[in-house]
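I have placed the structure first, in the form of structure tokens, so that the comments after it can refer back to it.
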Number of protein chains: 2
Amino acid sequence: MQQRLAAAGLRATHQRILILESLLVLPGHPTAEQVHRQVMANTPTVSLGTVYKTLDSFVEVGLTKRVASADAQCRRYDSDCSEHHHLYCTDTKEIIDYCNPQLDALIRDFFAKQGLENFQPHSFSLHIAGTRVS
Amino acid sequence: MQQRLAAAGLRATHQRILILESLLVLPGHPTAEQVHRQVMANTPTVSLGTVYKTLDSFVEVGLTKRVASADAQCRRYDSDCSEHHHLYCTDTKEIIDYCNPQLDALIRDFFAKQGLENFQPHSFSLHIAGTRVS
DNA sequence: CTTTTGTGGAGAATCATTCTTACCTGTGAC
DNA sequence: GTCACAGGTAAGAATGATTCTCCACAAAAG
Ligand SMILES: [Mn+2]
Ligand SMILES: [Mn+2]
Ligand SMILES: [Zn+2]
Ligand SMILES: [Zn+2]
């Protein structure tokens, strides 16, 4: 953890290490509140404000990403910073990770050939809305 | 407008017609607040709460969509309900429409052949993050 | 050791969104 | 026409996520 924080240019404080560990250990796409609960299980003195501020700085330096969502009432964070896609279940509101290098290649090739007007793309993420089955 | 509302199963009240017209006339991906301002220009008695509730019911019946975004502090609405994609400018925070039937076909074909495990997709939307150029 | 700078905690403040409640409006029955 | 009823709306309060302010503390620098 210390190394990751240092590499990102952040001082490795106790709180930051805890918050980063909590983020990594939580499955799915946790909210700041969920990260806070996880942090509190270990050290009950860390404040929710610190979790918010720290997650923001993590996003800024690329240690985590925010998950895009259409109807979210609160932000969700993704500890997986590699390019991947998401399945949005319209029934359960779950956001499920979807990783497919073939798809990545397909999209990259598409835009390599036929570029965008007045726009330099940096990353692609496909949002697949639908329903979970059996 | 009346017909659209009726077809969607909503009574065509004065306020709903106004809100739908305002949504259609506003460029880009307006917030509820922006829709409210547009509505107020015509009829200054419509309340912001009504705009929120009405936009929600429009989303429910498919007259509009919410735009997914990672760091939004408020919801944005899209009067264009056809499947299309979005460019997210990380500099200006603009969300720009991107429509490309070839891309749609590519994605549809990809998932037609090689389906998803335990998930029935209904719609696809590609989020392209990057920066606007000249 | 002293100064400077960064970081964190507590709680207030802000802002988008939702809820409550009472009033109004259109509709159909009679 | 009157009446009853259902749905829709305005106003403002309430909620809840997020941000800010301010002060104490810790860590680095000199
Ligand atoms: Mn908490
Ligand atoms: Mn307003
Ligand atoms: Zn993810
Ligand atoms: Zn759009």
Checking A:Asp78 against A:His86 for the side-chain hydrogen bond (donor to acceptor under 3.5 Å, both in side chains) test, could you report, in this order, the C-alpha distance in whole Å, the side-chain angles of both residues, the deciding distance, and whether it holds? CA-CA 11 Å; A:Asp78 200 334; A:His86 288 125; 3.2 Å; yes
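Phosphate proximity of C:dT17 to B:Arg66: absent, as no side-chain N or O sits under 4.0 Å from OP1 or OP2. Taking only side-chain nitrogens and oxygens, B:Tyr52 never comes nearer than 4.0 Å to OP1 or OP2 of C:dT18. Note on A:Thr13: a side-chain N or O is less than 4.0 Å away from OP1 or OP2 of C:dG8. OP1 and OP2 of D:dT9 both lie 4.0 Å or more from every side-chain N or O belonging to B:Thr50. Under 4.0 angstrom from either OP1 or OP2 of D:dT19 there lies no side-chain N or O belonging to B:Gln73. Distances shorter than 4.0 Å separate some side-chain N or O of A:Arg16 from OP1 or OP2 on C:dT7. Considering only side-chain N and O atoms, A:Arg76 lies nowhere under 4.0 angstrom from the phosphate OP1 or OP2 of D:dA17.
Per the geometry, CZ belonging to B:Arg75 stands 12 Å off P belonging to D:dT18, to the nearest Å. Summarising the geometry, the separation between NE2 on B:His14 and C1' on D:dA10 is reported as 14 Å, rounded to the nearest angstrom. The distance from atom CD1 of B:Ile19 to atom C1' of D:dG8 is 11 Å, rounded to the nearest whole Å. Separating the CD atom of B:Gln34 from the P atom of C:dT17 is a distance of 11 Å, rounded to the nearest angstrom. Taking atom CG of B:Leu55 as the reference point, atom P of C:dT17 lies 10 Å away to the nearest angstrom. Rounded to whole angstrom, the span from the CG atom of A:Leu48 across to the C1' atom of D:dT18 amounts to 9 Å. For B:Leu10 and C:dG26, the CG to P distance is 17 Å, given to the nearest whole Å. Atom pair B:Lys53:NZ and D:dG8:P shows a separation of 8 Å (rounding to whole Å applied).
The closest donor-acceptor contact from the side chain of B:Thr43 to the backbone of B:Val46 lies at 3.5 Å or more, if one exists at all.
Comparing A:Ser47 and B:Tyr77, the nucleotide of DNA chain C nearest to each residue sits closer to the 5' end for A:Ser47.
The distance between the ring centers of B:Phe124 and B:Phe111 falls below 6.0 angstrom. Within the 6.0 Å centre-distance limit, the rings of B:His127 and B:Tyr88 are counted as a close aromatic pair.
Here the nucleotide nearest the side chain of B:Asp56, chosen from D:dA10, C:dT18, C:dT17, is C:dT18. Of the candidate nucleotides D:dT18, C:dT17, D:dA10, D:dA10 has the atom nearest to the side chain of B:Gln15.
Under 4.0 Å is where a charged nitrogen must lie from a carboxylate oxygen, and between B:Arg66 and B:Asp56 at least one such pair does.
As judged by a 4.0 angstrom heavy-atom cut-off over every strand, B:Thr45 is placed among residues touching the sugar-phosphate backbone only.
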